[in-house]
Every structure is written in structure tokens, then in C-alpha cells.
Amino acid sequence: MSTDGHTRAWVEIRANGVRRNLERIRESVGPDVAVIPMVKADAYGTGMARCVGALEPLEPWGFGVATVEEGTALRDLGVERPILVVTPLPPGAYRRAVEAALTVSISDLAGLQRLSEAAHRLDRATDFHLEVDTGMGRAGFDWRQAGDWGKAVLALAGGPLRWKGCFTHFHSADADDPSATDTQWSRFNDALGSLDLPKDDFLVHLCNSAGALRHPMYGRGGVRPGIFLYGAVAGEGLPDPEPVVTLRARVTFIRNTTPGSTVGYGATYTAKKWERWASIGIGYGDGLPRALGNKGYGIIKGRRVPIIGRISMDLTVLNITEVDEVELGDVVTLVGRDGGESITLEEVASHAGTINYEILTGLSQRLPRIWLEEGG
Ligand SMILES: *Cc1c(COP(=O)(O)O)cnc(C)c1O
């Protein structure tokens, strides 16, 4: 729980936890399956540069990002491994992707045409992976028509343009019931069966975190874990990850209230008795969900205390009546562990009516990210 006393709120990230979670994915799918850690959205809010530095010693196949900008940022950091951009590019972005030697996901022939033009014009070796849509519906070639587009793809590939992989994305690997994932698996294999795939140096990948943990036999050549690496539960009944992210804020104001005192916009909470309240320096402007008002908790001195009233942009108020000796500057944990108490990302997400992914990626840039290399 270290920061210098002037920081009002921050995020701690345990590097060992991220590494341990990647190793767990490897244990699940086996040593021969390539791991492509997804570091999009600033490594799910933890900080892409530090995350890539933490994972580099484990020698992943490459890294996965969502945008060309994220890919070029990785190249600027000196990453030499393949960088897979997993979403379709806007039409104007292909040139920059080729310049940064990114591996582009292709979802249609128009995209492949643009990539081909850019690769030929710049005369730069350019790799692409082809996405097959097996039910996710947001990107990819239709699995039912592989016989048609397969030939056109082969005709365009060649010269500087190298077809290096094929993938699909599961929509329900987080759910207990495997039937939807099984269906997508067989659709994907139907599509692959009607394609004339390059034989060598070709990577087939399907699984996100939940897929890699629940359906390791669908690993094939590679897996693309994200959320689990960052210490979030990947789906129903799946193993707990090693904790990674802790969200903390300091007490910046304390008041003793009289019965009838109110707190926050709309005065939605009223003191029933003599109470003691602590304001902490964090709010929805930092990514603490406003929906936690009158619902969520913080932990102070190892004790769980309720959030009272609506959360403001910059401040949140806790009822600390039950906890003795709280002082200005004391640290409150909003996600993570303090003493015997802990608050998971999943608990916060459930209070806020959302998913752990949105809590992590919603942590705003105002919060310093503090990477802890040992213990923590
Ligand atoms: C984000 C993403 C992943 C990672 O998913 P998690 O559920 O975070 O493990 C994998 N593949 C694609 C295509 C993605 O967009």
C-alpha cells in the first residue's frame, strides 16, 4: 500500500499476478499452444507499456491490440514480436498498419484489397490473419461462404502480402453451457475444411480467456487471453485468477454529523443518528462507477464500510461510524484486499450492473498506475 502521501487515489498492479495468470493459461492449454496476450485498451486499464514489459520474459508469441494506434505505440516501445490487430480497420488506416509491420485481421475482401495495395505500394512484407464469423456477427468472413471467399483470398495473397493465420471469436465461452461454443467450433472447422490453407508457419486461434480455461481442447495453435491476465474472473464457475488490480483512495475530509444531516447530490442519504463520515478523493471522474452510490463499499483498516449518498465526480463519502481512529490520509480500498476483507472486481461490477471488463477499462487516466514488481 505504498504511494507518497500526496496521491489522492491510485491503481496498484501486481506484475507477478499478471505473469502467474498467463502461466495458468499455459497450464490449461499446454506448452505447444501460442499465447497472444491481449493488451488492448491500455492493457485493460493497467498500462500497456508496463504490462508488455512484465510479460516479455515469458516469451509470448506476440501481443494483441484492437487499434492501429495501439499497435504503433507497441512498436514505439521497441516490441519486435508480432502484433495482431483484432478489429477491422477504418479504410484509411491500412497504410499505417503496414508501416508499423502490424499483423492485420481481415474480415472482407475489400479490407484485403486495401491491405494488398498498401503492402505493394510500400513494398513491405505484411502479414494478415483472416477472421471467420461463426456467430459473433461483428467482424469476419461468413463461415457458410468459405468456398467462395477462400479462393479470392488466395488470389490476393502473395508477394509482400502473407496469409499467416485464421481465427474466430466465441460469443459465449464465459457461460456454463458449452453448446454455443461447440457449435461455433464446428462451424469454424467446416470453414477451414473448405479452405486451401498455407501449410507452414500458419496460426489458428479461437479462445479468449474463458475459452482457454473452459475449452482447452479448442486451443488449436494459439489462444488470445485478456481479462484473466488482469485478475478478473473469466466466466461462470471458472477458476479465480491471481489478484492483480487494487484500487485505493485516501481520506481527505472527516466530519461528525448530527441526525438529519444529508450527503451528496440529491441528498439521497440522511444520517439516522450521530454518525461519522469520511470523504475520499475518488469519484466517477476516476472511473469509480456512480452506480455504487448507496450500494457499494470501501475497506478501511480492514473493515468494510458502506458508500453513502451519490458518488460525485471527484469525491465519495463513506460511513465510518463503526470504525475507530480513522485519520486524514488513511487509505481506503475500493477494489482489492485490506486485512481480512476484500472487494472483487466482480462485486463492484455486480453493484454497478455491469461486467468486470468495464470496471477495469473505465478506470480513468487521472489515476496513477503503480506497478508493484515484488509481492504487493
Ligand atoms: C478482447 C478480445 C480477446 C480477449 O478476451 P478476454 O475475454 O478478455 O479474454 C480475445 N479475442 C478478441 C478478438 C478480442 O477482441
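Remember, it's 1-based here, ligands and their atoms both numbered in the order they're listed.
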**Request:** Taking the side chain as every heavy atom from C-beta outward, state whether Arg8 and Asp314 have any pair of such atoms under 4.5 Å apart.
**Result:** yes
**Prompt:** Is the Lys NZ or Arg CZ of Arg304 less than 6.0 Å from the centre of Tyr297's six-membered ring, within 45° of the axis?
**Reply:** yes
**Any pair counted as ring pair (Phe, Tyr, Trp, His ring centres under 6.0 Å), so long as it reaches residues 84-124, sequence neighbours left out** = none
**Asked** ligand 1: which residues have a non-hydrogen atom closer than 4.0 Å?
**Response** Met38, Lys40, Tyr44, Val86, Arg138, His169, Asn208, Ser209, Arg224, Pro225, Gly226, Ile227, Tyr357
**Asked** Take atom CD in Glu358; do more than 12 heavy atoms of anything else shown fall under 6.0 Å from it?
**Response** no
**Request:** Please list all pairs passing the ring pair (Phe, Tyr, Trp, His ring centres under 6.0 Å) test where one or both residues lie in residues 191-214, with sequence neighbours left out.
**Result:** His129-His205, Trp163-Phe202, Phe167-His205
**Prompt:** Which ring pair (Phe, Tyr, Trp, His ring centres under 6.0 Å) pairs, counting each pair once, include a residue from residues 223-263, with sequence neighbours left out?
**Reply:** Tyr44-Tyr230
